[in-house]
Structure formats: C-alpha cells, structure tokens
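One structure is given here, and the rest of the page talks about it.
Hydrogens, waters and symmetry mates play no part in the numbers below; they use all other heavy atoms, side chains included. Owing to the predicted nature of the structure, the values given are computational and were not obtained by experimental measurement.
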Amino acid sequence: AVRAAASDRMPALALTDLANQFGLIKFYTAARARGVKPIAGCDVWIGNDSERDQPSRVLLLAATREGYLRLCNWLSLAYRTHQHRGRAQLDRAWFDDGTEGIIALSGARDGDVGQALLQGNATAARRFATDWMKRFPTRYVLEVQRAGHGDDEALVQATVALAGEVGAPIVATHPIQFLTARDFRAHEARVCIAEGYTLSDARRPRRFSQEQYFLTQAQMTEKFSDLPQALT
C-alpha cells in the first residue's frame, strides 16, 4: 500500500485496520522511508446496547499526539473490558470524557448513520449524526463511497442530503481490501479460509466487491467528479 501511494505521489496515507493498530509501527516506518505522511487510525466497533449482536462501526483518525494516545487507550480498554463474542468494542460513553485530537468518520454503510439510511430511516440517521457531532465537535465527517455495491448511489445521495440538513462535511473514501483488481479472487479465497466456506458455496456471505482495490488520486477524482466538496 505504501509503494502504491508513493508511486501515485500521494502526500499521505492512513492505515485503519479493524479493531487494532497492530501494523502501525511497520506502516509508519515504511511510509516515512518513502516520503509519505503516515496517518494513524482505526476502524472500530461501537457497541450496541439494545442489540448486542449488531454493533456499528466508525473510523477514527489521530490528528494529534494526544488523539493517538486517546485512541490507544480506547482500544486497550475495549480488549480488556468490552468484548462481545471475541469482538473488542468501544463504548459510546467513553467519548464523554473527551475526544480532542480525534477525527471521526461516519463508517459509511457500516456506521449507524449509514445503516439507518439504508433502512430508509432518515429520522434515526439524523439523530445519530447529530449525536456524533456533539461528541466530536467540528471533527465528525460523513463518508460517501462508491465501491461496487448495488445500493451505493442511493446511499451517497441520502448521505449528501443528510449532510446538508445537519451541517456536517462529507468526504469520499474507498474501502480498500486488496491492492489490484486481479487480487479479488485471492482475497475471496482468504476470506473463505478464515470463515470456513468454499469459493463455490452459493450460501456464503459476499461482503466485498471486485472494486475494493487501491485507487489512485485520478481514479478517485473521476469517481467523485460530481462531488468536489467530498474530494476537497
């Protein structure tokens, strides 16, 4: 990923693994060596008290050293005290002690706002977004993605409309799972091995699309040419 970013002359790159930062030191060292600014972050599970088996996600980026240490503390606390079915989850109440130094991205389709919009519940989406904006003042951003899912465009339009209602900025992101388009089948094989399925199993869940490879700046600009504010 660092090589791809450097070859595309990207000024910065974030690593946001799910529920951990185990690769951060290796990533940080590699990025600095190639002149790419490394951004520390994490894609985290947020516990759902009313439906414990249906947590949502939010993407957290460290903007300052204070924010990085805060993120480390939350993750450590999640592993020590807040696991459910082996999944380390953050508790929303922890944010009440302060969120300075952290930028929160909505989690796109996997966040509570995105899930509500996909279900057609604009009222709940507005309530969730407003709550996040209170917890992360001026540092909460709504994500829009076009990653090959059939309902992507409907979700993008609903998210843009919500952003206008609540006064939140939007950002175009891309959920990268593999480096190039030809890596998709290998990625699916790895997922099957991890989850106990075979590639030919028609019943296996298909959570990833063929479009979730590393995009260049030009490709992202083309994909979101109608939403320049999301690229800015």
Closest non-hydrogen atom pair between Pro55 and Asn48, with its separation: CA-CB, 4.1 Å
Taking ring-ring contact (aromatic ring centres under 6.0 Å, His included) as the definition, give me every residue that meets it alongside Trp45, ordered by chain and number, with sequence neighbours left out. none
Can you tell me if CD on Glu195 sees more than 12 non-hydrogen neighbours from other groups inside 6.0 Å? yes
Sequence neighbours excluded, which residues qualify as salt bridge (charged side-chain N to carboxylate O under 4.0 Å, His left out) partners of Asp226? Arg146
Smallest heavy-atom separation, Ala78 atom then Gln89 atom, equals CB-O, 3.3 Å
Without swapping roles, check the side chain of Thr99 against the backbone of Ile102 for a donor-acceptor pair under 3.5 Å. no
Do the rings of Phe95 and Trp132 sit parallel, tilted or perpendicular, given the 30° and 60° boundaries? tilted
Counting only pairs under 3.5 Å, give me each side-chain donor-acceptor contact of residues 169-178, with atom names and distances, residues two or more places apart or in other chains.
from: Thr173; atom 1: OG1; to: Glu143; atom 2: OE1; distance (Å): 2.7
from: Thr173; atom 1: OG1; to: Gln145; atom 2: NE2; distance (Å): 3.0
from: His174; atom 1: NE2; to: Glu211; atom 2: O; distance (Å): 2.8
from: His174; atom 1: NE2; to: Tyr213; atom 2: O; distance (Å): 3.3

Tell me, please, which residues at least two apart from Asp8 pass side-chain hydrogen bond (donor to acceptor under 3.5 Å, both in side chains). Gln217
Measure across Val166 and Arg126 and return the closest heavy-atom pair with its distance rounded to 0.1 Å. CG1-CG, 3.8 Å
Tell me whether Phe136 at atom CZ has more than 12 heavy atoms from other residues, nucleotides or ligands lying less than 6.0 Å away. yes
Tell me every residue that passes salt bridge (charged side-chain N to carboxylate O under 4.0 Å, His left out) with Asp151, counting only those two or more places apart in sequence or in another chain. Arg109
Is it true that the side chains of Thr180 and Asp183 contain a donor and an acceptor less than 3.5 Å apart? yes
Distance-only donor-acceptor check, side chains Gln119 and Gln115, under 3.5 Å: no
Can you list the other members of the hydrophobic cluster that holds Phe22, where links are side-chain heavy atoms under 4.5 angstrom apart? Tyr79
Are there more than 12 heavy atoms of other residues, nucleotides or ligands under 6.0 Å from atom CZ of Arg182? no
